[in-house]
Amino acid sequence: MLRAVPELPEVETTRLALKRCIAGRRILAVLGKPMTMRRPLEPREIDREIRGRRVTALRRRGKYLLIDVEPHDSGSLLAHLGMSGRFAIHRRGDPVVSHTHLTILIEDDVEIRLIDPRRFGFVSWLKPGAEDSDPSLARLGLEPLDATLPRMLPVLYKPRRSPIKSLLLDQTLVAGIGNIYATEALWRAGIRPDRKGQRISLDRLGELARCVQAVLNEAIECGGTTLRDFSAPDGNLGYFAISLSAYGNQGTPCPRCGHTLVHMVLGGRTTAWCRQCQR
DNA sequence: CCAGTATCCTGCAGGC
DNA sequence: TGCCTGCAGGATACTG
């Protein structure tokens, strides 16, 4: 199984698991050392802000996770898992794996741990009102699971000259799609990754939007049905084996037509695709 | 404004 | 067997 980079489905699965385990529970303490990450990690500041408070809600925006605490509108934790980040749910006393940068102690002996070898992710405290002006959140585009996507994606992509693959990865247009699900959605839609947005009909872009939603929903469903909240032995969340038709499968037969899948590099990202049935 | 590229970081696969 | 190189990619600063 490929070790998947967290995209929207993995973040959503993490959100649902964290919700089941910590929503309504009180935070006892936050532990960790200051660390250079995508944004500086300041465990003591986070501890000062959320110690003793109850978790009220877990939200997702694109690939970002928001953890709200009581009282209402008193600020939130903002997290991004980057490329190698994950939240693990543990019991107090479980062995600590390397690259555990943050530990959130929850009542009833639950611990939430942030593990991120590459440190492209982050967890930071958003002061009350800071959410609206946060530079990362403010730039995010449409939620891909929104019912308006089939109508809006063609409008957003049609004027663009970039390859469709690059447009799918542009978080300011639609937020939450990464390299894996962009590759899968294009394979499903039968669109070659380097075709410019301008050169794709509105109908085909609408179909692409439905493929994006289908592959994301299937991945979430897969995660929801295969993941346990406390998964032995390491408590990892948000990683699961959805069967991928194109991503990483260059050199093997296309599951639809049998033609050998090839790969190309677009914007520094590899894409597997089928010359026969992706036009 | 827009499109394309370099950069951060570590683990690991592949080659010799 | 072991070392070395290069690749993996999300967000963003930077360049053309």
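Remember, predicted model here, so these are calculated numbers, not experimental data. Convention: sequence-line order gives letters A, B, ...; per-chain numbering from 1.
- Of the side-chain N and O atoms in A:Lys63, one or more sit less than 4.0 angstrom from OP1 or OP2 of C:dA11.
- In this structure, A:His101 places its NE2 atom 12 Å from P of B:dC9, rounding to the nearest Å.
- Between A:Arg118 and C:dG9, a side-chain N or O to OP1/OP2 separation shorter than 4.0 Å is absent.
- Using a 4.0 Å heavy-atom distance criterion, A:Arg269 is classed as a base contact.
- A salt bridge is absent between A:Lys63 and A:Glu7: the closest approach of a Lys/Arg side-chain nitrogen to an acidic carboxylate oxygen does not fall below 4.0 angstrom.
- A salt bridge links A:Glu143 with A:Arg60: the closest approach of a Lys/Arg side-chain nitrogen to an acidic carboxylate oxygen falls below 4.0 angstrom.
- Of all nucleotides listed (B:dG11, B:dA3, C:dA11), C:dA11 comes nearest to the side chain of A:Arg38.
- Side-chain N/O atoms of A:Arg119 include one lying less than 4.0 angstrom from OP1 or OP2 on B:dT10.
- The pair A:Arg61-A:Asp134 fails the salt-bridge criterion, with no side-chain N (NZ, NE, NH1 or NH2) lying under 4.0 Å from an Asp/Glu carboxylate O.
- At whole-Å resolution of the value, CD in A:Gln250 and P in B:dG14 are 12 Å apart.
- Atom CZ in A:Phe120 sits roughly 8 Å away from atom C1' in B:dT10 (whole-Å rounding).
- At C:dA8, none of the side-chain N or O atoms of A:Tyr247 fall inside 4.0 Å of OP1 or OP2 (strictly under the cut-off).
- We find that CD1 of A:Ile115 is positioned 16 Å from P of B:dT10, with the value rounded to whole Å.
- Whole-Å rounding puts the A:Leu266 CG to C:dG9 P distance at 12 Å.
- A:Glu107 and A:Arg54 are joined by a salt bridge, as a carboxylate oxygen and a charged side-chain nitrogen come within less than 4.0 angstrom of each other.
- A salt bridge links A:Arg188 to A:Glu218: at least one charged side-chain nitrogen sits closer than 4.0 Å to a carboxylate oxygen.
- Atom CD in A:Gln171 sits about 4 Å away from atom P in C:dA11, given to the nearest Å.
- Contact annotation for A:Ser166: no contact, since no heavy-atom pair falls under 4.0 Å across all strands.
- A:His80 has a side-chain polar atom (N or O) that falls below the 4.0 Å cut-off from OP1 or OP2 of C:dA11.
- Comparing C:dG10, B:dC2, C:dA11 against the side chain of A:Leu169 picks out C:dG10 as the nearest.
- Taking side-chain N and O atoms only, A:Thr36 has no distance below 4.0 Å to OP1 or OP2 of B:dC8.
- Here the P atom of nucleotide C:dG10 and the CG atom of A:Leu140 are 14 Å apart, to the nearest Å.
- Residue A:His99 places no side-chain N or O under 4.0 Å from the OP1 or OP2 atom of B:dC9.
- Contact between the side-chain N/O atoms of A:Ser162 and the OP1/OP2 oxygens of B:dG4 is found at a separation under 4.0 Å.
- The residue A:Pro159 sits apart from the nucleic acid: no heavy atom pair falls under 4.0 Å.
- The pair A:Arg204-A:Glu207 does not count as a salt bridge, with every side-chain nitrogen at least 4.0 angstrom from each carboxylate oxygen.
- Protein atom CE of A:Met83 is 5 Å distant from nucleotide atom C1' of C:dA8, rounded to whole Å.
- Within the 4.0 angstrom heavy-atom criterion, only backbone atoms of the sugar-phosphate kind lie near A:Thr270; the bases stay farther away.
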